[in-house]
Trainee: 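Have a look at this one before I ask anything.
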Amino acid sequence: MYDLFAQPLTVIPGIGATLEKRLMSRGINCIGDFLLHLPKDYVDDRHVMPIASLQEGMDARINGRIVSKQARGFGRNRQVMIKLADETGFIALNFFHSGYMMTDARLTEGREISVRGSVESWKGYLQMNHPDWCVMEAYHPGYRPVYASLAGLGGKRISTMIKQVLALLPTTAASPLDARLASEFHLPDLRSALARLHGPEDADRDLLEKANVRLKSEEVIIYLHLMREKKVAADCPGLTLQREGLSEQLLNSLPFPLTEAQTTVWSDISQDLHSGKRMHRLLQGDVGAGKTWIAALAMAKAAGCGYQAALLAPTEVLANQHAETLAELFAPLGLEIKLLTGSTRARARREMLAELQSGELKLIVGTHALLTEDVHFKQLALALVDEQHRFGVRQRWALADKKREGHEAVHLLGMTATPIPRTLALALYGDMDLSIMRGMPPGRKPVETRVIASSKMQPLIGGMQRILDGDGRIYWIVPRIDEDEDGLSVDQRVELLKGYFPDANVIGLHGRMKSKDKHAALEAFTTGQCTILVSTTVVEVGVNVPEARLIVIEAAQAYGLAQLHQLRGRVGRSSDQGYCMLVAGPETSEGSMARLKQMVNTHDGLELAEADLAMRGGGDAVGTRQHGDAGFRLLNMSEDAGLIRQWFENLPEFTPSEDMQRFWRPFAESTD
């Protein structure tokens, strides 16, 4: 199965080099990736309605004969109008910018076609604008998957291509886990699960849920096996970091004394570093709880003992901010810290690598650029991995594995602002000891949070103007980069907000932008040249703009409470009051609305994570993957908590092959 998954996209009819490049830029690198672009919903497409039974607002399937076809306008703006009739009546079909349809032989007068679309009324007559259509022979009644657009491909084209991909998988294609999961847990084989999710024979949600669980089980079992392997490897001697004065000096020079939570965590870490055994610890700290100070103290301790320390961050934005903050903290101690990213110029990079190898440079911050084979340390004592859930298991370890032959193991400190309930954290990060840091630094006010329906957003415009008039700045978060029918993409929202706020210099930001363009967008927002930043969740962590006072999060019901809490943490980073508006989409259920309202009165991330787990622990069959947690392909930490714990407690004995591990834990895992 995994040999087949690894085949290039060009084996799919209709995908050439240009489209392959576009899809690869969206993280779709092979046919297996394409199959994990799961439907966001399903439509019951079994019933054909008589035209006379149609009513405005319906989404319906009709069959009919083309009575007439005519065009209006010229060039790109040419509009094609088709009059379609059955034995009960007629309807108008309008296609904009579609002049090519006038020469399509399948649409000649007298031909019969099948059409699906949304029914509208115009001057007393029924019509459909841009409906899906096919010749009668191509219509097959059943349940039709609905896909989010991808790399400019519409849902209909994606559906066709996925059918072609499934046809490439022979019925004998199997996963090494198929037999075990079928006999002991009554789950379908991997190929059948994919076929069911992409082309269900009926709308049985239980069967869809089983297929979804089968896919997620493959991912979590492989992940937990890697964790088990790493836990065994972690139990070994490490460098003893004891006698030094730099961390004490730094502690005394901090602008505020450590909070009680920070003091406890620093005590845990100090004991690990003094013990002579390798530290393997995860520091889970709430948004704004002061993890950077703890990281700085640990790095100063390593440097004070004559060794090196390196901090790995998932994005250049975050690495830059860490480098600036740490440089400020270390300057009074005479400690130098440098930044290594993919954007570092060749000459500066060569100099940095030489300084690391000689031991002249003690402290460094970097992105994946730190993990390349040509990066050698004289004696690395401490590896820190920030937002570690954004990295694969092996990447988390890759920095700590840069130890010289014959030296003791490198201490590893993972850090995350993602609040994860303790029981779940022990399963997800079973190779690490856990320290939890709660509470906020002095002088911060809780962010005032409200939930509003998307139909009642108009008053929000006035509130935004008041924030801008008071020299504040605004984040506007949308769920996707690509355009979709609901308008919730970065570019679509930038255009809309420019109309309302022409003087705000509205700018868009997302993870597929080039690094220099991301920096330019953030720099403009940080300096105030831009006062409204429209972004995906790329701003979830690490972006620190004290003037940002309002964050608007659209389609808030699609995110976990932990992720919403992290996004909320982008505002209220000064003594000014911060505000968070959670905009619930029209499809939001009562349960989802109740879940969002937890955010209004609760400002403790761990408490929210526990609430999310209690309310969403059962999961949902389809449509949730678009907002899953970084680092996992299908799993969502809150929705799939029960599944993660189930496999943690009943892990099947088997050895994942290299190609299985490569597919489920790909190398590049930093998120949008």
Side-chain angles (χ1 to χ4, degrees), residues 226 230 233-234 238 269 272-273 278-285 291-303 307-327 329-330 337-344 349 352-353 355-357 361-404 409-418 429 431-432 511 515 518 538 540-543 630-631 665-671:
L226 278 170
K230 294 300 184 187
I269 291 167
D272 288 347
L273 298 176
R278 181 184 210 176
M279 173 171 74
H280 218 242
R281 185 169 292 280
L282 173 63
L283 167 55
Q284 182 184 315
K291 293 183 299 300
T292 309
W293 284 9
I294 300 299
L297 288 167
M299 293 176 87
K301 187 175 270 291
Y307 299 118
Q308 292 166 300
L311 192 156
L312 176 68
T315 64
E316 290 202 14
V317 169
L318 193 45
N320 267 293
Q321 296 215 333
H322 275 315
E324 286 171 17
T325 306
L326 291 168
L329 288 170
F330 290 147
I337 186 162
K338 289 192 176 178
L339 174 68
L340 179 65
T341 71
S343 303
T344 305
R349 179 186 167 83
M352 234 179 282
L353 297 193
E355 289 172 358
L356 286 173
Q357 194 157 9
L361 180 61
K362 294 279 189 285
L363 305 173
I364 192 162
V365 174
T367 55
H368 293 83
L370 277 176
L371 304 180
T372 56
E373 288 182 12
D374 58 346
V375 177
H376 301 285
F377 293 84
K378 183 178 182 187
Q379 192 159 22
L380 182 66
L382 174 66
L384 301 98
V385 184
D386 194 28
E387 289 309 320
Q388 69 139 34
H389 66 289
R390 295 196 174 210
F391 295 97
V393 181
R394 288 183 173 171
Q395 283 180 299
R396 281 181 228 153
W397 278 65
L399 189 57
D401 285 343
K402 284 182 176 285
K403 74 179 185 73
R404 285 176 57 197
V410 175
H411 295 292
L412 178 63
L413 178 63
M415 299 189 293
T416 182
T418 303
Y429 306 116
D431 60 327
M432 308 184 91
S515 189
K518 278 192 221 169
V538 73
E540 182 183 332
V541 291
V543 181
R665 308 299 303 169
F667 179 78
E669 289 186 357
S670 58
T671 54

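FYI, the numbering just counts along the sequence from 1. Below, each value reflects all heavy atoms present in this structure, side chains not excepted, and no hydrogens, waters or symmetry copies.
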Trainee: Does a side chain donor of either D272 or H411 reach within less than 3.5 Å of an acceptor in the other side chain?
Mentor: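 No - no donor-acceptor pair under 3.5 Å links their side chains.
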Trainee: So, taking the atom named CD1 in I364 and the one named CD in E355, what distance separates them when rounded to the nearest 0.5 Å?
Mentor: 9.0 Å
Trainee: How close do L363 and A303 get, heavy atom to heavy atom, and via which atoms?
Mentor: CD2-CB, 4.1 Å
Trainee: Would L353 and V375 count as a side-chain contact (heavy atoms from CB on, under 4.5 Å) here? Give the steps.
Mentor: CA-CA 6 Å; L353 297 193; V375 177; 3.8 Å; yes
Trainee: To the nearest 0.5 Å, how far apart are CG in L312 and CG in L370?
Mentor: 6.0 Å
Trainee: Going by side chain to side chain contact (heavy atoms under 4.5 Å, CB included), I337 matches just one of T325, L311, V365. Which one?
Mentor: V365
Trainee: Let me see the working for L412 and V385 under side-chain contact (heavy atoms from CB on, under 4.5 Å), right down to the final yes or no.
Mentor: CA-CA 8 Å; L412 178 63; V385 184; 3.8 Å; yes
Trainee: Side chains of R349 and T372: does their closest heavy-atom pair fall under 4.5 Å?
Mentor: yes
Trainee: Should Y307 and V410 count as side-chain neighbours, where that means a heavy-atom distance under 4.5 Å?
Mentor: no
Trainee: Search all heavy atoms of A400 against all heavy atoms of R278 and return the closest pair with its distance.
Mentor: CB-NH2, 3.4 Å
Trainee: Tell me the closest heavy-atom pair linking M279 and L273, and the distance in Å.
Mentor: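 M279 and L273 have their closest heavy atoms at CE-CD2, 3.9 Å.
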Trainee: I need the L340 CG to T367 OG1 distance, nearest 0.5 Å.
Mentor: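 Between L340 CG and T367 OG1, I get 6.5 Å after rounding to 0.5 Å.
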Trainee: Do Q388 side-chain atoms and T416 backbone N/O form a donor-acceptor pair below 3.5 Å?
Mentor: no
Trainee: Closest heavy-atom contact between L329 and A296?
Mentor: CD1-CB, 3.8 Å
Trainee: Taking everything shown except K338 itself, do over 12 heavy atoms lie less than 6.0 Å from its NZ?
Mentor: yes
Trainee: How many angstroms lie between CG in L413 and CE in M299, if you round to the nearest 0.5 Å?
Mentor: 10.5 Å
Trainee: Do R281 side-chain atoms and M432 backbone N/O form a donor-acceptor pair below 3.5 Å?
Mentor: no
Trainee: Once you round to the nearest 0.5 Å, how far does CG of L382 lie from CD of Q308?
Mentor: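 So the CG of L382 and the CD of Q308 are separated by 11.5 Å.
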Trainee: Which distance, rounded to the nearest 0.5 Å, do you find between the CG of L371 and the CH2 of W397?
Mentor: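 L371 CG to W397 CH2: 14.5 Å, rounded to 0.5 Å.
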Trainee: For A313 and H322, which heavy atoms make the closest approach, and how far apart are they?
Mentor: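 Smallest heavy-atom distance, with atoms named: CB-CD2, 4.4 Å.
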Trainee: Show the nearest heavy-atom pair for residues H368 and P314, with the distance to one decimal.
Mentor: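 Scanning both residues, the minimum pair turns out to be CE1-O, 3.9 Å.
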